[in-house]
Amino acid sequence: MTRNRILGGSIALVVVAALIVGIAIVTAHAHKPQGPPAAAQVSTATVVRTNLSNSQTLPGTLGFGTASTVTGKGTGTVTSLPQAGATIARGHALYGVDAQPVVVFYGGTPLYRTLSVATPPLAGPDVGVVTDNLRALGYHVAKGEVFTQALSDEVKRWQQKVGMTPTGTLGIGQLVVFAGAVRVSGIQAQLGDSVAEPLLAVTPTDKVITVPIAATNLNGINTGNKVSITLPSGQQIPGTVGAISQTIQSTNNQQGDPGSPGSPPNVNVTITADNPDDVANLAAAPVQVAFTTSGKDNVLAVPVTALLALRGGGYALQLPNGTLVAVRTGLFANGEVEVSGPGITEGLRVQTAQS
């Protein structure tokens with residue numbers, strides 16, 4: 001019995017001793033001096049002379065542009081319609097009403113009244129459209145905006161040639177005035193319909209690229225700007241901004257909830273390929289358009305990560321020896337920044353945060 005008590009006491013002493021040693025080790029480890037924190041990782045960059053530009057790439061659609069609807073004027077029954085895809089040029093019929101052709105003229109003023117010989121003579125831009133088009137079609141009329149008897153006689157000759165009743169007068173609904181030739185993109189009417197309805201849709205004949213851009217994101221995009229177009233094949237071709245729509249189009253939100261705010265309204269930007277042959281084999285296709293909105297050539301630049309903000313304001317560059325050199329910043333573009341100031345020269349090595 002005594003022997004067992006002695007043995008149990010010995011075991012207890014060993015356990016206690018082990019606990020004391022373990023605590024000492026843990027305590028010593030906890031108070032072991034730690035090394036200094038790791039220094040920030042830096043690398044060096046070189047001040048370079050380069051061209052900087054800000055750009056954005058947006059999706060667009062190659063086609064014939066936005067279609068416009070042609071609504072018939074006057075009274076009568078539709079007796080002929082063109083084929084979708086047809087191109088209608090000056091002097092040719094777009095459709096027919098009561099077996100009479102409705103002919104395309106080029107200009108900026110539609111026929112808004114009946115033109116005939118009157119006293120005093122009728123004058124105005126609509127008369128000028130008739131005069132200009134008959135001259136372009138080879139008729140001998142004096143240039144001007146007055147509807148004279150001589151002009152009426154030439155109108156009668158032209159009417160007889162195109163299949164109209166030769167009256168020497170022109171009424172609303174006998175002509176359709178466009179800026180140029182048009183392509184019929186779709187037919188909405190049927191033969192036998194009343195003419196005073198939407199009849200068909202037309203587009204320009206040249207292929208264009210339409211890019212919808214948020215109205216708030218148009219800064220720096222102007223008519224005449226050069227762009228780079230990436231075709232579905234991956235080929236990149238040059239293009240030019242031809243027009244920026246004055247009509248703002250609302251967009252629906254992705255959730256389709258009419259009560260919640262949607263995306264910013266868009267404006268359609270129209271672009272033409274500098275070489276039409278580049279898109280001749282494409283009827284319609286999705287493309288990517290890169291716009292350059294600002295740029296500077298032949299400037300000194302460094303990575304943006306090389307800039308150090310100074311406590312008193314402004315920025316500096318840090319040389320490999322630790323010296324700070326104050327700089328003036330200019331254009332920021334694609335991760336680089338234009339810099340200038342005393343001591344800033346091409347080839348100067350500076351520290352930059354390591355990416």
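Nothing here was measured: the structure is a model prediction, and the numbers come from that model. Values reported hereafter were calculated over all heavy atoms of this structure, with side chains retained and with hydrogens, waters and symmetry mates removed.
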- Query: Side chains of T305 and T352: is there a donor and an acceptor less than 3.5 Å apart?
  - Reply: yes
- Test item: side-chain donor near acceptor, D193 and T77, under 3.5 Å: no
Passing candidate, side-chain contact (heavy atoms from CB on, under 4.5 Å) with [X], options [options]:
{"X": "K73", "options": "I172, L111, V97", "value": "I172"}
{"X": "D277", "options": "N275, N281, V279", "value": "N275"}
{"X": "L94", "options": "I88, V102, L199", "value": "I88"}

Considering all heavy atoms, the nearest [X]-[Y] contact:
{"X": "T205", "Y": "F64", "result": "O-CE2, 3.3 Å"}
{"X": "S80", "Y": "Y95", "result": "O-CB, 3.3 Å"}
{"X": "N133", "Y": "V129", "result": "ND2-O, 2.7 Å"}
{"X": "P101", "Y": "V162", "result": "CG-O, 3.4 Å"}
{"X": "P204", "Y": "T66", "result": "CD-O, 4.4 Å"}
{"X": "E338", "Y": "L52", "result": "N-CD1, 3.7 Å"}

- Show your working on side-chain contact (heavy atoms from CB on, under 4.5 Å) between V267 and L218 and close with a plain yes or no. CA-CA 9 Å; V267 170; L218 280 173; 4.0 Å; yes
- Criterion side-chain hydrogen bond (donor to acceptor under 3.5 Å, both in side chains) on T167 and T165, from CA distance to verdict: CA-CA 6 Å; T167 62; T165 302; over 6 Å; no
Answer yes or no: does atom [atom1] of [X] have more than 12 heavy-atom neighbours from other residues, nucleotides or ligands under 6.0 Å?
{"X": "Q83", "atom1": "CD", "answer": "no"}
{"X": "Y315", "atom1": "OH", "answer": "no"}
{"X": "Q160", "atom1": "CD", "answer": "no"}

Has the side chain of [X] got a donor or acceptor atom that lies under 3.5 Å from a matching backbone atom of [Y]?
{"X": "N225", "Y": "N222", "answer": "yes"}
{"X": "E154", "Y": "L151", "answer": "no"}
{"X": "T79", "Y": "A99", "answer": "yes"}
{"X": "Q188", "Y": "G186", "answer": "no"}
{"X": "S185", "Y": "A201", "answer": "yes"}
{"X": "T323", "Y": "L319", "answer": "no"}
{"X": "T223", "Y": "A243", "answer": "no"}
{"X": "K207", "Y": "L282", "answer": "yes"}

Gap separating the [atom1] atom of [X] from the [atom2] atom of [Y], nearest 0.5 angstrom:
{"X": "T69", "Y": "E197", "atom1": "OG1", "atom2": "CD", "answer": "12.5 Å"}
{"X": "K143", "Y": "L134", "atom1": "NZ", "atom2": "CG", "answer": "12.0 Å"}
{"X": "I209", "Y": "I271", "atom1": "CD1", "atom2": "CD1", "answer": "6.0 Å"}
{"X": "N266", "Y": "T216", "atom1": "CG", "atom2": "OG1", "answer": "9.0 Å"}
{"X": "R349", "Y": "L317", "atom1": "CZ", "atom2": "CG", "answer": "13.0 Å"}
{"X": "L300", "Y": "L348", "atom1": "CG", "atom2": "CG", "answer": "9.5 Å"}

Between [Y] and [X], is there a side-chain heavy-atom distance shorter than 4.5 Å?
{"X": "V269", "Y": "V241", "answer": "yes"}
{"X": "L62", "Y": "T210", "answer": "no"}
{"X": "S68", "Y": "V202", "answer": "yes"}
{"X": "L308", "Y": "L324", "answer": "yes"}
{"X": "T292", "Y": "V227", "answer": "no"}
{"X": "R90", "Y": "V103", "answer": "no"}
{"X": "T203", "Y": "V182", "answer": "no"}
{"X": "D274", "Y": "T240", "answer": "yes"}

Hey, any chance [X] and [Y] share a hydrophobic cluster, counting ILVMFWY side chains that come within less than 4.5 Å of each other, even indirectly?
{"X": "V70", "Y": "F105", "result": "no"}
{"X": "F291", "Y": "V287", "result": "yes"}
{"X": "I221", "Y": "L331", "result": "no"}
{"X": "Y106", "Y": "V141", "result": "no"}
{"X": "L81", "Y": "V184", "result": "yes"}

- Message: Between D206 and R183, does the salt bridge (charged side-chain N to carboxylate O under 4.0 Å, His left out) criterion hold? Intermediate values first, please.
- Response: CA-CA 9 Å; D206 294 330; R183 174 183 175 273; over 6 Å; no
- Could you give me the CA-CA distance, side-chain angles and deciding distance for D153 and Y139, then say whether side-chain contact (heavy atoms from CB on, under 4.5 Å) is met? CA-CA 10 Å; D153 291 342; Y139 291 85; over 6 Å; no
- Query: Taking it one step at a time, do V289 and T57 satisfy side-chain contact (heavy atoms from CB on, under 4.5 Å)?
  - Reply: CA-CA 5 Å; V289 180; T57 300; over 6 Å; no
- Message: As a quick check of understanding, evaluate side-chain contact (heavy atoms from CB on, under 4.5 Å) for L170 and L175, giving each step before the final call.
- Response: CA-CA 8 Å; L170 284 171; L175 296 175; 4.1 Å; yes
